[in-house]
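Numbering starts at 1 and runs along the sequence shown.
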Amino acid sequence: MFTKILIANRGEIACRVIKTARKMGIATVAVYSEADKDARHVELADEAVLLGPAPSRESYLVADKIIAACKQTCAQAVHPGYGFLSENEDFARRCEEEGITFIGPKHYSIAAMGDKIASKKLANEARVNTIPGWNDAIESAERAVEIAQGIGYPVMIKASAGGGGKGLRVAFNDKEAFEGFSSCRNEARNSFGDDRVFIEKYVLEPRHIEIQVLGDSHGNVVYLHERECSIQRRHQKVIEEAPSPFISDATRQAMGEQAVALAKAVKYQSAGTVEFVVGKDQDFYFLEMNTRLQVEHPVTECITGLDLVEQMIRVAAGEKLSFGQADIPRQGWAIECRINAEDPFRNFLPSTGRLVRYQPPQADLEQGSETLQGPAYAAGRFGGVRVDTGVYEGGEIPMFYDSMIAKLIVHGRDRNDAIAKMREALNGFVIRGISSNIPFQAALLAHPRFVTGEFNTGFIAEHYAKGFKAEDVPHDDPLFLVALAAFVRRKARQRAAGISGQLPGHGVTIAPDFVVAVMGAEGQHAYHPVSVGAYDAAACTANVVVGAGEAARTYAIRSHTKLGDLMMTGAVNGKPFTAQVEQGSAKRPLAIRVAHNGTQIDALVLSPRAAELMKLMPYKAPPDTSKFLLSPMPGLLADVAVQVGQKVLAGEKLAVIEAMKMENILVAQQDGVVKAVLAGKGESLSVDQPILAFE
């Protein structure tokens, strides 16, 4: 077994590998860029080596620097994690040539599965179901139309070297096939330097289901069941779960056996994933094989009890798998939500900056804490909450890398139990300083189609075609949020009344009646009469009545959460809850902000007289910014495409902002003339910073 390994990665996956290595008694070496000098993975590792500047191409993607770091620290092996160099066959070969063990598949296996056209041919030879199509490179758009007609519409046009949704088009007729081929080839040439394009049948109502495989150097290969990855936005996974709520045991076995056959065909050693597209009739076809550890591997670990990172290390060290196919359990249900630094209410624009507050929900599952035959499984315990993260409170989310903050994983008895645990865990995930996609995740988990398992890869595009808005997260009991605001205000008044030194006759008085004004846009507030009775400061209980007459709702609330704590726990009408409550925001400093199940309100808790007067207050409109181009996100101003005096038309490119490996093009919303350029190329921008002014 190795005594020291280097992790050629960053963020949560680097921390994940370090934890398992520590459990195995293996010393670790972290590598980092200048932007990551204070990163969590650097702190966790036993040693750390600086690679270079922040951009990946100058640090994490430079194989020579990684290999030099291995030699400098005497690391015997390197774990690539996912992304960066994890599926780079040249890097895997270089490691072997330098006498460094690559903790992953052999370079020839990576090469065999790295080319989509070649991998489909190999899959055919291994008798793995493949989608009907044309697997050779197509020379012209005219020929693409002929092939599409022969296969039958709809068809999918894909770049051989594509990935992440680039170089992919769906065509439903000859015109779309002709145009899609040309666009796909140009995009592939510009993005990957490889313009080979192929065509395959487009599967209706498709699901993205993948099989986890594990092989050793002694010819043993097993499959660790499946993961359901159909909840995707722009071909990027958002929620993953294991097992799938859709496929039957017979389909599961057939997919698993074909995945094993393919892995054996390429002499696969290590953990890998065979991805399938599954139709509405459970017909399944091979998509591609990911020759690395997947982001969503924790859900497989939860239902099998295996530590996949440990297995990768043991296989790389030459050990045999210690179990066979029949030994692998499938217990309970696991769901993973990717918590990303992006603003769902602003079209998921990246959100970078400092984590002013970062408090994940309390975890009772640790990666690698359970084993295949471990005590947790013997006792029938189906876990709880696990958080895989690479950040900490006060740390930075840099603009140079992907947007992931953490992976939130839950393990339940069944799917409904897992969904309930995930919703509660999201309620308790505190993130401040940057935006996150937690409200969007909450909306997805509450959607009836998700709850019933009736979805496919087009779910998000279908239900959120016009973007994501606050009203897309309907609360099943919105008055509960009003009651919480009133309860917190009553608790604050009780504390204020106990402050010594108050002038006689002018001290803080406590009345049971309030009016809660839920603040809306443009001064359109909703007013709710509220009575807080039977308040017991010692027991931290109260009966909160919202509304009057027959429409009144009573909430018996108990919570020992201290004033000032962001996360509030307790019980309402005998049922436990977790919510987030805080005093004020930058735009509404006097309001109480309450968030629960993805819904958020800003509320002013007033006396009845103050509410009467507030209704008479005129609405103060915000300043008009229509004559400015504002930065919608923090990022680097990569280009300003216009100059002073230039006339621009609606839809014309104005500027480009780079953030989190994404290039965001800003276009004119209406015709105009550029009056001033207020920010220069290469400048770091903050949210809403003016870039251009118009006449």
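Proximity of a side-chain donor or acceptor of Gln580 to a complementary backbone N or O of Phe429 within less than 3.5 Å is detected. Checking side-chain atoms of His525 against main-chain N and O of Gly520 turns up a donor-acceptor pair under 3.5 Å. Looking only at distances, no side-chain donor or acceptor of Arg357 sits under 3.5 Å from a matching main-chain atom of Glu393. Between the Asn9 side chain and the Pro80 main chain, a donor and an acceptor come within less than 3.5 Å of each other. Side-chain atoms of Ser59 come within 3.5 Å of backbone N or O of Pro53 as a donor-acceptor pair. The closest donor-acceptor contact from the side chain of Ser86 to the backbone of Gly83 lies under 3.5 Å. In this structure, Glu241 contributes its side chain and Trp333 its backbone to no donor-acceptor pair below 3.5 Å. Under the 3.5 Å distance criterion, the side-chain polar atoms of Lys37 are left unmatched by any main-chain donor or acceptor of Tyr32. Under the 3.5 Å distance criterion, the side-chain polar atoms of Ser531 are left unmatched by any main-chain donor or acceptor of Asp513. Under the 3.5 Å distance criterion, the side-chain polar atoms of His41 are matched with a main-chain donor or acceptor of Val31.
With values rounded to the nearest 0.5 angstrom, Leu445 atom CG is found 14.5 Å from Lys421 atom NZ. Between atom CZ of residue Arg386 and atom SG of residue Cys302 there is a gap of 6.0 Å, rounded to the nearest 0.5 Å. Separating the CG atom in Leu630 from the CD1 atom in Ile691 is a distance of 7.5 Å, to the nearest 0.5 Å. How far OH of Tyr82 is from CZ of Arg16: 10.5 Å, rounded to the nearest 0.5 Å. Taken from OG1 in Thr569 to CG in Asn427, the straight-line distance is 11.5 Å, to the nearest 0.5 Å. Rounding to the nearest 0.5 angstrom, the gap separating the OG1 atom in Thr554 from the CG atom in Asn573 is 8.0 Å.
A salt bridge links Arg338 with Glu240: the closest approach of a Lys/Arg side-chain nitrogen to an acidic carboxylate oxygen falls below 4.0 angstrom. One finds a salt bridge joining Arg346 and Asp688 here, because a Lys/Arg side-chain nitrogen approaches an Asp/Glu carboxylate oxygen to under 4.0 Å. Using a 4.0 Å cut-off between a side-chain N of Lys or Arg and a carboxylate O of Asp or Glu, Arg10 and Asp402 do not qualify as a salt bridge.
Of all heavy-atom pairs spanning Met568 and Thr561, the tightest one is CA-OG1, 3.5 Å. Across every non-hydrogen atom of Ala485 and Ile592, the tightest pair is O-CD1, 3.7 Å. Of all heavy-atom pairs between Ser351 and Pro634, the closest is CA-CD, 4.2 Å. Heavy atoms only, all atoms of each residue included: Ala610 and Leu606 are closest at CB-CB, 4.0 Å. Residues Ala497 and Gln502 approach most closely at O-NE2, 3.4 Å, considering heavy atoms. Of all non-hydrogen atoms in Met519 and Ala591, the two that sit nearest each other are SD-CB, 3.9 Å.
The shortest side-chain heavy-atom distance between Leu636 and Phe400 does not fall under the 4.5 Å cut-off. Contact of the Leu692 side chain with the Leu666 side chain is not registered, since no non-hydrogen atoms from C-beta on lie closer than 4.5 Å. In this structure, the side chains of Arg292 and Phe84 stay at 4.5 Å or more apart for every pair of heavy atoms. At a threshold of 4.5 Å between non-hydrogen side-chain atoms, the residues Leu481 and Val518 do not count as touching. Between Ile339 and Leu426 there is a side-chain heavy-atom pair separated by less than 4.5 Å. Residues Val295 and Lys237 are not in side-chain contact: their nearest non-hydrogen atoms beyond the backbone lie 4.5 Å or more apart. In this structure the side chain of Val299 never reaches within 4.5 angstrom of the side chain of Ile335, judged on heavy atoms. Contact annotation: the side chain of Arg22 never approaches that of Thr28 to less than 4.5 Å [non-hydrogen atoms, C-beta and beyond].
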**Study point:** CA sep, side-chain torsions, deciding dist, call: Ser631, Gln689, side chain to side chain donor-acceptor pair (under 3.5 Å)
**Key:** CA-CA 5 Å; Ser631 175; Gln689 180 176 337; over 6 Å; no
**Study point:** Arg227/Glu336 under salt bridge (Lys or Arg N to Asp or Glu O under 4.0 Å): CA gap, chis, key distance, verdict
**Key:** CA-CA 10 Å; Arg227 294 187 288 259; Glu336 174 181 291; over 6 Å; no
Practice item. Quick one: do Ile460 and Leu444 satisfy side chain to side chain contact (heavy atoms under 4.5 Å, CB included)? Show the steps, please. Key: CA-CA 9 Å; Ile460 289 177; Leu444 293 174; 4.1 Å; yes
Check your understanding: Are Arg493 and Arg489 close enough, and set up right, to give a side chain to side chain contact (heavy atoms under 4.5 Å, CB included), and what steps lead you there?
Key -> CA-CA 6 Å; Arg493 296 291 291 176; Arg489 179 60 176 164; 3.8 Å; yes
Check your understanding: Given Glu301 and Ile409, is the side chain to side chain contact (heavy atoms under 4.5 Å, CB included) satisfied, shown in steps?
Key -> CA-CA 10 Å; Glu301 294 184 325; Ile409 308 105; over 6 Å; no
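The salt bridge (Lys or Arg N to Asp or Glu O under 4.0 Å) contacts involving residues 596-605 comprise Arg588-Asp602, Arg593-Asp602, where partners must be two or more places apart or lie in separate chains. Sorted by first and then second residue, the pairs that involve residues 427-450 and meet salt bridge (Lys or Arg N to Asp or Glu O under 4.0 Å), not counting sequence neighbours, are Arg432-Glu582, Arg449-Glu462.
Centroid-to-centroid, the aromatic rings of Phe440 and Tyr464 come within less than 6.0 Å.
Other residues, nucleotides and ligands contribute at most 12 non-hydrogen atoms within 6.0 Å of the NZ atom of Lys681. The local environment of CD in Gln362 is sparse, with at most 12 non-hydrogen atoms from other residues, nucleotides or ligands closer than 6.0 Å. The number of heavy atoms from other shown groups lying within 6.0 Å of CD (Glu471) is above 12. Within 6.0 Å of CD in Glu43 there are 12 or fewer heavy atoms belonging to other residues, nucleotides or ligands.
Taking the ring pair (Phe, Tyr, Trp, His ring centres under 6.0 Å) definition, one finds that His447 meets it with Phe459, His463, sequence neighbours left out.
Between Phe577 and Phe480, the ring-plane angle classifies as perpendicular under the 30° and 60° cut-offs.
In this structure, Arg233 satisfies the cation-pi test against Phe348, with its NZ or CZ atom closer than 6.0 Å to the six-membered ring centre and inside 45 degrees of the ring normal.
In this model, a donor atom of one side chain and an acceptor atom of the other lie less than 3.5 Å apart for Thr578 and Glu424. Judged purely by distance below 3.5 Å, without hydrogens or angles, the side chains of Glu296 and Gln294 pair a donor atom with an acceptor atom.
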